[in-house]
Structures are given as C-alpha cells and as structure tokens.
Amino acid sequence: MVVPDADRLARARELLAVHPVVDGHNDLPWALRQIGYDLDQRDLATDLSAHQHTDIPRMRAGGLGAQFWSVYVRSDFAGDKAVSATLEQIDVVRRFVDRYPDDLRLALTADDMEAARTEGRIASLMGAEGGHSIDCSLGTLRALYALGVRYMTLTHNDNVPWADSATDEPAVGGLSPFGHEVVREMNRLGMLVDLSHVAPATMRDALRTSAAPVVFSHSSARAVCDHVRNIPDDVLELLPANGGLAMATFVPKFILPEAIDWTLAADANMRTHDLHPLDTSAQGMRVQRAFEAANPRPLATAKTVADHLDHMREVAGIDHLGVGGDYDGVAFTPSDLADVSGYPTLIAELLDRGWSDADLAKLTWRNAVRTLRAAEDVARELRTRRSPSIATIDQLDGAVAG
C-alpha cells in the first residue's frame with residue numbers, strides 16, 4: 001500500500017470540505033439489524049471501528065456530505081416478509097437521523113442535500129436494494145417513496161418476477177411488461193431507477209424505458225474487471241444521453257480480477273459453516289478472518305478504484321460518475337479504503353493522476369445532486385399527465401408472472 005503524499009492528502013481534504021462526497025450505497029442499516037437495531041449498543045457518535053465500517057466521526061473524517069443508506073433486505077426474503085423487513089430498515093434510518101440531529105439530516109430532495117451541506121450536516125437519503133422489497137406491488141412502491149426512499153435497485157442477487165439479476169439465470173430477458181411499468185411509475189414518483197445488480201439486458205431495457213436519469217449506486221467497469229456485477233462499456237456509453245450516473249464501488253471482488261476466485265472460495269467456506277456469504281455478523285467475520293489468515297487475499301487499493309474511474313470517465317464522461325463504497329455490506333474492503341474515512345485517499349490518488357478540482361467536484365458532489373434534481377423535474381412534468389398506475393403483474397405479465 002502506497003501512502004499518499006501528505007500535501008496531496010491535505011489538498012484532497014480541502015476539496016472535500018467544499019465539495020463533499022455523496023456516497024451511493026452504505027449497508028449500515030443491515031449491520032444494525034444484526035444487533036436488533038439497538039442504537040445504545042452501537043452509538044454512531046463514537047468510534048465503532050471494532051464492529052463496522054461506519055460511524056459519524058469517520059464519516060466526518062472521510063469528507064462525507066451525503067449518504068444513500070441502503071434499506072436492503074436479503075433477496076431470499078419474499079412477500080410480506082421482505083416488505084416488513086424493508087420497513088424496519090427505513091425505521092432505523094429515521095431513528096438514527098433523529099438521534100444525531102447535529103450531524104445528520106433526512107434528505108428527500110436535491111434541495112435538502114444542498115441545505116444539509118450549508119448547515120454542515122450529512123444529508124441522509126435512502127435506497128431500497130432489490131425489487132423484492134415491493135412484492136410486485138406498485139402501491140407498495142409508492143408507500144416506500146412516501147417514507148423517503150429515493151432509489152430502488154431493481155434486483156438484488158436473485159431475479160424478481162419482473163426483472164433479471166446479473167447473478168441469476170435469465171428468466172424474462174431483461175424487464176417484463178410489468179418491469180417496464182415499475183420503471184415508468186418510479187419516473188412518475190421521482191424515485192431513481194438503480195441498475196446495480198441487474199443483468200445487462202435489464203440495464204438496456206430500463207435505459208430504453210426510463211424518462212429520467214438512472215443510477216448505478218455501486219458498480220464499476222466490466223472492461224477493467226470482468227465481473228457480472230459491473231457495467232459493460234456499451235451501457236456506460238448510453239449514460240450521457242440518459243443523463244445518468246455510474247457510482248464506482250470499492251468491493252474487492254468487483255474491482256480486482258484476482259479477488260474474484262478468492263471470494264468464491266471464501267463464500268463456499270461460509271456455506272460450509274452454515275452461514276450466508278453476506279453475513280457480516282461477529283460470527284460471520286470470525287469465519288471470514290480465519291479463512292483469510294489461512295488463504296491470504298489479493299489486495300485492492302485506491303489505485304484499483306481509480307483505474308475503474310479513469311476508464312469510466314473515458315467511456316461515459318466526467319459528468320456521469322460518482323462513488324458508492326458499499327461499506328458495511330461486505331466483509332472485505334481495499335487496504336487503504338478500509339472504512340468511510342478513506343475517501344480523501346481516493347481523491348488524493350485521482351489528484352496524482354491529473355484530475356482537476358472541477359472534475360473531482362463533479363465526482364464527489366455535483367453529479368449526484370444534479371441527477372436527483374433531474375429525476376424530480378421529470379416527475380413534476382409526468383404527474384401533470386400520468387396518474388398513479390394501478391396495473392398488476394398478473395394483468396401485464398399474465399402467465400409469465402406465474
């Protein structure tokens with residue numbers, strides 16, 4: 001690991017003081033679920049580095065200005081269980097925002113994000129990770145929006161009945177007719193369509209249908225690391241016309257080719273211990289650390305992430321880039337981006353590569369705010385001519401829904 005030059009790191013922190021990071025994806029709510037959402041046990045105002053990647057002191061140190069908190073539930077949750085668990089995730093975000101009003105502010109709009117920055121608080125937005133959270137119900141989608149959810153990832157690791165995931169076998173060939181209606185209803189609401197986790201066919205279908213900019217809340221470049229969770233170049237090339245945003249992730253297995261096979265072996269080891277591969281509980285992490293000790297893992301670094309951002313800028317353009325670390329959703333992180341305090345290290349690396357202050361301001365803050373504002377503008381116009389959809393999956397997909 002190369003430590004950034006002290007002057008360059010100081011320059012990165014100065015830049016982030018003016019143009020702080022909007023991070024597209026953090027799984028802290030799920031980490032809190034694993035200890036019963038007990039905010040006394042995990043006081044975010046204190047150093048929680050022994051337990052998780054995220055706390056307020058490290059968010060401040062990292063130059064975070066806005067965080068999309070993932071109100072994720074596992075994709076093997078189904079039906080009412082998925083919906084109720086998502087509501088519990090929303091509830092804990094609202095609880096910790098209320099608990100730390102000097103540091104956090106609930107943000108529902110781009111204006112709220114700007115107001116939080118002016119106040120010196122961290123804007124807190126929410127994203128639902130996976131269409132299973134709405135249980136094939138547009139009414140439930142609208143309810144999540146009313147509760148503050150401002151993006152929905154169309155799938156997680158498994159298909160939903162109306163959309164194909166990148167990590168599942170193709171079933172509907174992208175989006176089904178009901179899936180297209182979900183995208184249209186999200187446009188009408190002003191909820192961003194998140195295409196991380198979805199199959200390339202789903203990405204292309206959503207881009208054809210969406211009247212508003214889309215986002216990839218935590219995905220990197222497939223041309224740099226050939227993992228199915230990353231974005232193909234032909235899709236990156238579509239972002240300028242759509243106005244959308246690709247937020248590069250830090251997950252080692254998505255950014256470092258050598259980490260792919262290692263992570264598959266680590267996942268298999270978790271299963272032999274009757275644990276889900278995404279289990280980051282204390283027990284899960286003991287198993288992961290023991291495996292890592294016996295099988296040293298390939299290390300990603302800030303340079304690895306910067307390689308993806310350089311390529312994504314070349315293909316999509318600087319106006320369509322952001323970052324989405326996926327902290328507290330993974331067992332392992334890059335060696336010099338270990339937690340949410342690490343963003344200055346990445347910015348220092350990009351400064352070393354010749355990125356201008358204007359480019360970095362777009363990457364960290366301006367692009368994300370502009371994207372949400374554009375989705376709001378589209379929704380405002382659509383609501384003048386489109387009523388809330390009452391379509392059902394049975395009506396639109398028929399036998400496919402079975």
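Computed from a predicted structure; not experimentally measured.
- If you take CZ on R74 and NE2 on H276, they are separated by 4.5 Å, rounding to the nearest 0.5 Å.
- Using bins of under 30°, 30° to 60° and over 60° for the plane-to-plane angle, the ring pair H53/Y327 lands in the perpendicular bin.
- For the pair K362 and D359, the salt-bridge criterion is not met [side-chain N within less than 4.0 Å of a carboxylate O].
- The pair R99-D40 meets the salt-bridge criterion, with a side-chain N (NZ, NE, NH1 or NH2) lying under 4.0 Å from an Asp/Glu carboxylate O.
- Side chain of H308 to backbone of A221: a donor-acceptor contact under 3.5 angstrom is found.
- Looking only at distances, a side-chain donor or acceptor of R370 sits under 3.5 Å from a matching main-chain atom of D319.
- Under the 4.0 Å criterion applied to side-chain N and carboxylate O atoms, E14 and R8 are not assigned as salt-bridge partners.
- Closest non-hydrogen pair, A302 versus L346, comes out as O-CD1, 3.8 Å.
- Side-chain contact between D397 and W162: present, with at least one pair of heavy atoms (C-beta onward) separated by less than 4.5 Å.
- At least one side-chain heavy atom of W355 sits under 4.5 Å from a side-chain heavy atom of L363.
- Taking the side chain as every heavy atom from C-beta outward, Q67 and H25 never approach each other to under 4.5 Å.
- Checked options N157, D168, T153; the residue passing with H197 is N157 (criterion: side-chain hydrogen bond (donor to acceptor under 3.5 Å, both in side chains)).
- Judged by distance alone, with hydrogens and angles left aside, the side-chain atoms of H311 form no donor-acceptor pair with the main-chain N or O of D307 at under 3.5 Å.
- Between Y151 and F68, the angle of the ring planes lies from 30° to 60°, which puts this pair in the tilted group.
- Between atom CZ of residue F332 and atom CG of residue L299 there is a gap of 10.5 Å, rounded to the nearest 0.5 Å.
- Looking at H51 and Q34, their side chains never bring a donor and an acceptor atom within 3.5 Å of each other.
- The backbone N or O of G174 sits less than 3.5 Å from a side-chain atom of T202, completing a donor-acceptor pair.
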Problem - Verdict with supporting geometry, R142 and E185, salt bridge (charged side-chain N to carboxylate O under 4.0 Å, His left out) - result: CA-CA 8 Å; R142 288 188 286 273; E185 187 64 9; 2.9 Å; yes
Practice task
Please lay out, stage by stage, how D55 and R42 fare under the test salt bridge (charged side-chain N to carboxylate O under 4.0 Å, His left out).
Solution key: CA-CA 9 Å; D55 53 50; R42 293 285 191 272; over 6 Å; no
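- Between the side chains of T364 and H19, no donor N or O sits under 3.5 Å from an acceptor N or O.
- Checked for salt-bridge contact, R121 and D103 miss the test: no charged N lies under 4.0 Å from a carboxylate O.
- Looking only at atom types and distance, the side chain of D43 has a donor-acceptor partner in the side chain of Y100 under 3.5 Å away.
- Residue D328 comes nearest to T280 through the heavy atom pair O-OG1, 4.3 Å, listed as atom of the first residue, atom of the second, then distance.
- Ring pair H156/H132 is tilted by interplanar angle, where 30° to 60° counts as tilted.
- When all heavy atoms of L236 and A246 are compared, the closest pair comes out as CD2-CB, 4.0 Å.
- Without hydrogens or angle criteria, Q395 side chain to T392 main chain gives a donor-acceptor distance under 3.5 Å.
- Minimum heavy-atom separation, V92 to P29: CG1-CB, 3.9 Å.
- Annotation: the span from T249 atom OG1 to D23 atom CG amounts to 8.5 Å, rounded to 0.5 Å.
- Distance check, rounded to the nearest 0.5 Å: CG of L125 to OG1 of T109 gives 8.5 Å.
- Under the 4.5 Å side-chain criterion, counting only non-hydrogen atoms from C-beta, W262 is in contact with N295.
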Practice task
Take E181 and R386 through the test salt bridge (charged side-chain N to carboxylate O under 4.0 Å, His left out) and record every step on the way to the result.
Solution key: CA-CA 12 Å; E181 187 71 357; R386 179 178 166 92; 3.1 Å; yes
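- L360 has its side chain within reach of L351: a pair of non-hydrogen atoms, C-beta onward, lies under 4.5 Å apart.
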Practice task
Show your reasoning for whether side-chain hydrogen bond (donor to acceptor under 3.5 Å, both in side chains) applies to S49 and D339.
Solution key: CA-CA 8 Å; S49 55; D339 55 48; over 6 Å; no
Exercise for the section: Take R208 and D205 through the test salt bridge (charged side-chain N to carboxylate O under 4.0 Å, His left out) and record every step on the way to the result. Expected result: CA-CA 5 Å; R208 281 191 290 269; D205 277 358; 2.4 Å; yes
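- Of all heavy-atom pairs spanning D47 and R58, the tightest one is OD1-NE, 4.3 Å.
- The residues R222 and D233 are annotated as not salt-bridged, no charged nitrogen and carboxylate oxygen being separated by less than 4.0 angstrom.
- Here the side chain of T384 pairs a donor or acceptor atom with the backbone of E381 at under 3.5 angstrom.
- V73 has its side chain within reach of Q89: a pair of non-hydrogen atoms, C-beta onward, lies under 4.5 Å apart.
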Practice task
Go through the steps for V369 and R117 under the test side chain to side chain contact (heavy atoms under 4.5 Å, CB included), then give the verdict.
Solution key: CA-CA 11 Å; V369 174; R117 181 174 66 152; over 6 Å; no
Practice task
Test side chain to side chain contact (heavy atoms under 4.5 Å, CB included) on R383 and R188 and set out the steps.
Solution key: CA-CA 6 Å; R383 288 179 190 181; R188 193 195 66 83; 3.9 Å; yes
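- Side-chain N or O atoms of S210 include none that pairs as donor or acceptor with a backbone N or O of L207 at under 3.5 Å.
- For the residue pair D279 / S281, a side-chain donor-acceptor distance below 3.5 Å is found, with atom types taken as modelled.
- Side-chain N or O atoms of H320 include one that pairs as donor or acceptor with a backbone N or O of G244 at under 3.5 Å.
- In this structure, the side chains of V71 and M152 stay at 4.5 Å or more apart for every pair of heavy atoms.
- For the pair L16 and W365, the minimum side-chain heavy-atom distance is 4.5 Å or more.
- At least one donor-acceptor pair closer than 3.5 Å links the side chain of H227 to the backbone N or O of R229.
- One distance of note links CG of L239 with CG of N242; it measures 6.5 Å at 0.5 Å rounding.
- With respect to R94 and D91, no salt bridge is recorded, no charged nitrogen being found less than 4.0 Å from a carboxylate O.
- Residue-environment remark: CG (D80) stays at or below the threshold of 12 foreign heavy atoms within 6.0 Å.
- Residues N230 and S220 come closest through the heavy atom pair OD1-N, 3.0 Å.
- Using a cut-off of 4.0 Å between Lys/Arg side-chain N and Asp/Glu carboxylate O, D336 and K303 are scored as not salt-bridged.
- D164 and T155 form no side-chain donor-acceptor contact under 3.5 Å, judged by distance and modelled atom types alone.
- Aromatic ring centres of W30 and Y37 lie farther apart than the 6.0 Å criterion allows.
- R184 places no side-chain N or O within 3.5 Å of a backbone atom of S389 that could act as its donor or acceptor partner.
- Atom-to-atom distance recorded for S70:OG and D326:CG is 8.0 Å, nearest 0.5 angstrom.
- Ion pairing of R380 with D377 is present here, as a side-chain N (NZ or NE/NH1/NH2) and a carboxylate O approach within less than 4.0 Å.
- Counted by atom type alone, S217 and D194 present one or more donor-acceptor pairs between their side chains at under 3.5 Å.
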